[in-house]
Amino acid sequence: MPDTFPDLASWGIDLSRYTVFVPPDPFEDHVGPFYFDLQGDARAAGTVHCVLPTLARHGNYMGGVHGGGILTFADYALCLVAGRAADGGTNSSFAMTVSIAVEFVNGAVIGPPLEARGEPLQVTGRLAFARGSITQEGRTIALWSGVCRHVARAKAMARKDEQAPSRNDLPPQVAPEGFEPFKASAYSTHIGPAFVRKETDGASLVQPTLARMCNSGGALHGGYMMSFADTAITRAAAMTTDLAPTTVSFAAEFLAAGDISAPLVTRVEVPKRGRSIAFLRGLLEQNGKALLSYSATVMLRPRA
């Protein structure tokens, strides 16, 4: 637990009653920290309360909360709600997102905390289904729904020790020829440098992977991969249309786990666009292996 907590008394939240994820989760600690409190039967709706204090590092180009930060918070809430429903609140299971869909209803601002609650829908021997919402000062920011696979936490931690590559044994990661660094938002910059190349119908992006991008199981965090995908989506839309994009909806399917052995590469296509809306899709890969398939709808506005 952190030694000090942000003061959220103005919003009726005492974070000293909350906890961060245990065991530590590098990506959530880096971009958060995220907090949660179990306030009843974990298998009931609304009993897991998640909180993200919003800070300057969560900002997008417009000064609001970055879509990738909201996607990461949605992924966190999904795994907490579904995972706790699967293990009855004992923290004995490890939840891994299989698929998630997020609808952005309103923009969020820096300052007031984001809050999330959810509803477990179904738990089977391997899968847990849940849905919920993210709010800020009582205003709905996003709606989310998804599916997690749950396994015994002890098994997941043992696998981490067996499979985690040593950073000292890995070659340096560099961007391929033809990719250029770009000036990213505060949130994207906080995660790490990325490189872009314009394509005729979209854009390709590359990002070297770092240990801070992993989850507690040693694999690349789902929220990190979606954050990179959201950055790629908005960059591709901006380069293709020369307008300012805002993500309206985002859906992702997790195909395989990634690690810190090589950069992530993604290619974003813009199959269709109108004057005020565009539809995009992409595939995130590592060493030629597909990790994440995603699609999004963005709203287009004139640049300020």
Side-chain angles (χ1 to χ4, degrees), residues 25-34 52-76 100 102 104 107-110 114 134 141-142 173-176 179-199 202-215 220-241 243-248 250 252 258 260 263-268 278 280 282-286 291-292 294 296 298-301 303-304:
D25 189 298
F27 185 68
E28 290 170 8
D29 291 345
H30 181 68
V31 301
F34 299 79
L52 172 62
T54 58
L55 305 169
R57 63 172 175 260
H58 298 128
N60 58 21
Y61 286 117
M62 302 299 292
V65 178
H66 193 284
I70 294 172
L71 289 171
T72 299
F73 190 42
D75 181 70
Y76 175 85
I100 187 170
V102 180
F104 294 83
V109 298
I110 301 297
L114 292 178
I134 295 172
I141 301 301
Q173 298 181 24
V174 296
F179 284 77
E180 299 291 337
F182 66 92
K183 183 180 178 182
S185 64
Y187 178 78
S188 297
T189 299
H190 183 65
I191 291 174
F195 304 84
V196 64
R197 181 180 68 196
K198 189 179 187 305
E199 310 287 359
S204 294
L205 282 85
V206 175
Q207 184 161 58
T209 53
L210 302 165
R212 65 174 181 243
M213 299 168 177
C214 293
N215 61 24
L220 292 178
H221 194 287
Y224 157 64
M225 291 196 288
M226 290 195 294
S227 292
F228 181 45
D230 185 67
T231 294
I233 282 167
T234 53
R235 177 59 51 173
M239 296 179 78
T240 303
T241 67
L243 296 169
T246 301
T247 306
V248 176
F250 181 96
I260 58 171
L264 294 188
V265 180
T266 190
R267 173 83 159 79
V268 183
L280 302 95
L283 185 67
L284 193 155
E285 299 176 285
Q286 185 179 49
L291 304 185
L292 184 78
Y294 58 91
V298 301
M299 183 181 298
L300 302 171
R301 295 186 177 92
R303 294 181 183 272

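Heavy atoms only, all atoms of each residue included: Pro33 and Pro53 are closest at O-CD, 3.7 Å. Across every non-hydrogen atom of Leu71 and Met226, the tightest pair is O-CE, 3.6 Å. The two residues Pro263 and Val206 make their nearest non-hydrogen contact at CB-CG1, 3.8 Å. Residues Val65 and Leu114 approach most closely at CG1-CD1, 4.3 Å, considering heavy atoms. Nearest heavy atoms, Ala74 versus Val102: CB-CG2, 3.9 Å. Across all non-hydrogen atoms, the minimal contact from Ile141 to Gly107 is CD1-O, 3.4 Å.
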* Could you go step by step and tell me if Val265 and Ser204 meet the side chain to side chain contact (heavy atoms under 4.5 Å, CB included) rule? -> CA-CA 7 Å; Val265 180; Ser204 294; 5.7 Å; no

* To do: In sequence, state the C-alpha distance, the side-chain angles, and the governing distance for Val31 and Arg57, and then conclude on side chain to side chain contact (heavy atoms under 4.5 Å, CB included).
  => CA-CA 8 Å; Val31 301; Arg57 63 172 175 260; 5.6 Å; no

* Step by step, work out the side chain to side chain contact (heavy atoms under 4.5 Å, CB included) result for Tyr294 and Asp230. => CA-CA 9 Å; Tyr294 58 91; Asp230 185 67; over 6 Å; no

* Would Phe73 and Phe34 count as a side chain to side chain contact (heavy atoms under 4.5 Å, CB included) if you check the C-alpha gap in whole Å, the side-chain angles of each, and the deciding distance to 0.1 Å? -> CA-CA 8 Å; Phe73 190 42; Phe34 299 79; 3.4 Å; yes

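For His58, there are no ring-ring contact (aromatic ring centres under 6.0 Å, His included) partners two or more places apart in sequence or in a different chain. Partners of Thr72 by side chain to side chain donor-acceptor pair (under 3.5 Å), not counting sequence neighbours, listed by chain and number: Tyr187, Ser227.
Atom CZ of residue Arg235 and atom CZ of residue Phe182 lie 5.0 Å apart, to the nearest 0.5 angstrom. Within the model, atoms CZ of Arg303 and OH of Tyr61 stand 9.0 Å from one another, a figure rounded to the nearest 0.5 Å. Distance check: Arg267 CZ to Arg197 CZ gives 8.0 Å after rounding to the nearest 0.5 Å. Atom CG of Leu205 sits about 9.5 Å away from atom OG of Ser188, to the nearest 0.5 Å.
Counting heavy atoms from C-beta outward, Val248 and Phe104 have side chains that stay 4.5 Å or more apart. Residues Glu180 and Phe195 form no side-chain contact, since every pair of their non-hydrogen atoms from C-beta on lies 4.5 Å or further apart. Residues Thr231 and His66 have side chains in contact (heavy-atom distance under 4.5 Å, counting atoms from C-beta outward). Pro26 is not listed as a side-chain neighbour of Asn215, based on a closest heavy-atom distance of 4.5 Å or more. Residues Gln207 and Ile191 are in side-chain contact: their nearest non-hydrogen atoms beyond the backbone lie under 4.5 Å apart. Here the side chains of Leu280 and Val298 are in contact, with some heavy-atom distance below 4.5 Å. Within the 4.5 Å cutoff, side-chain heavy atoms of Met225 are placed close to those of Leu264. Under the 4.5 Å side-chain criterion, counting only non-hydrogen atoms from C-beta, Gln286 is in contact with Thr209.
Using modelled atom types, one finds no donor on one side chain facing an acceptor on the other under 3.5 Å when comparing Tyr224 with Glu28. Between the side chains of Thr266 and Glu285, no donor-acceptor pair is found at a separation under 3.5 Å.
The backbone N or O of Gly64 lies less than 3.5 Å from a partner atom in the side chain of Asn60, making a donor-acceptor pair.
Atom CE of Met239 sits in a crowded spot, with more than 12 heavy atoms from other residues, nucleotides or ligands closer than 6.0 Å.
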